[in-house]
Amino acid sequence: MPRFTTPPDREGFEEAVWEMVMQIPRGRVCTYGRISELVGAPSGMDAPAFRAFGPRWVGGAMAHCPDGVPWWRVINAQGRISQREGAERQRRMLEEERVEFSERGKVDMGEYGWEG
DNA sequence: ATTATGACTCCCA
DNA sequence: GTGGGAGCCATAA
């Protein structure tokens, strides 16, 4: 397992992430990686490092986001739920807004994915 | 000071 | 489709 850290300017980065996540329409999903791309790297960080860690930082921001942020609309690039503890709850939240899961628990990104 | 810890993605067997 | 490794460092305890 690779290690990762919180980003430089964590507060600013996470706020930007939350604002971006709030733009995901109801009934759609977005990936950690796509959110991090849309938000962009904090100044002073090189692209390769950000490519590697950005998505995980987005995950970190989802772990403690303020009310009003639809954290459940963020899933991984494979169309699956990354969270372990709250996976069922997240799935319910998505199904309530008509997002469908395959038998293997996957969301069709072509159908439900939001690219920003 | 040292250690454990994280809601990821890509690439290649 | 599934499995493992690489990416490489800030916080909290």
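Chain A is the first sequence line, chain B the second, and so forth, proteins listed ahead of strands; every chain is numbered from 1.
W71(A) places no side-chain N or O within donor-acceptor distance of the main-chain N or O of C65(A), the cut-off being under 3.5 Å.
Across all strands shown, T31(A) has heavy atoms under 4.0 Å from sugar-phosphate atoms exclusively, and none from any base.
Of the candidate nucleotides dC10(B), dT11(C), dC8(B), dC8(B) has the atom nearest to the side chain of P55(A). The listed nucleotides are dC8(C), dG1(C), dC8(B); the one nearest the side chain of K106(A) is dG1(C). Out of dC8(B), dA7(B), dT2(C), the shortest distance to the side chain of N76(A) is found at dC8(B).
Judged by Watson-Crick or G-U wobble contacts below 3.5 Å, the nucleotide dG6(B) has no partner.
As a whole-Å value, the separation of F50(A) CZ from dA10(C) P is 16 Å. In this structure, CD of E37(A) is placed 8 Å from P of dC10(B), rounded to the nearest angstrom. The separation between R10(A) atom CZ and dA10(C) atom P is 12 Å, rounded to whole Å. Taking atom CE of M109(A) as the reference point, atom P of dC10(B) lies 11 Å away to the nearest angstrom. When rounded to the nearest whole Å, the span between CZ of F13(A) and P of dA10(C) equals 15 Å. In this structure, the CD atom of E85(A) is 9 Å from the P atom of dA7(B), given to the nearest Å. The nearest whole Å value for the distance from the CZ atom in R56(A) to the C1' atom in dG6(B) is 7 Å. Between the P atom of dA7(B) and the CZ atom of R73(A) lies a distance of 21 Å, rounded to the nearest Å.
Shown here for T31(A) and A77(A), the closest heavy-atom pair between the two residues is CG2-CA, 3.7 Å.
Screening V69(A), I24(A), I81(A) for a side-chain contact (heavy atoms from CB on, under 4.5 Å) involving V74(A) leaves a single residue, I24(A).
A heavy-atom distance below 4.5 Å is found between the side chains of P70(A) and M22(A).
The same atom, P, is picked in dA13(C) and in dA7(B); the two are 15 Å apart, to the nearest Å. Nucleotides dC8(C) and dT3(B) place their P atoms 23 Å apart, quoted to the nearest Å.
A cation-pi arrangement is present between R91(A) and F101(A) under the rule of less than 6.0 angstrom and at most 45 degrees off the ring axis.
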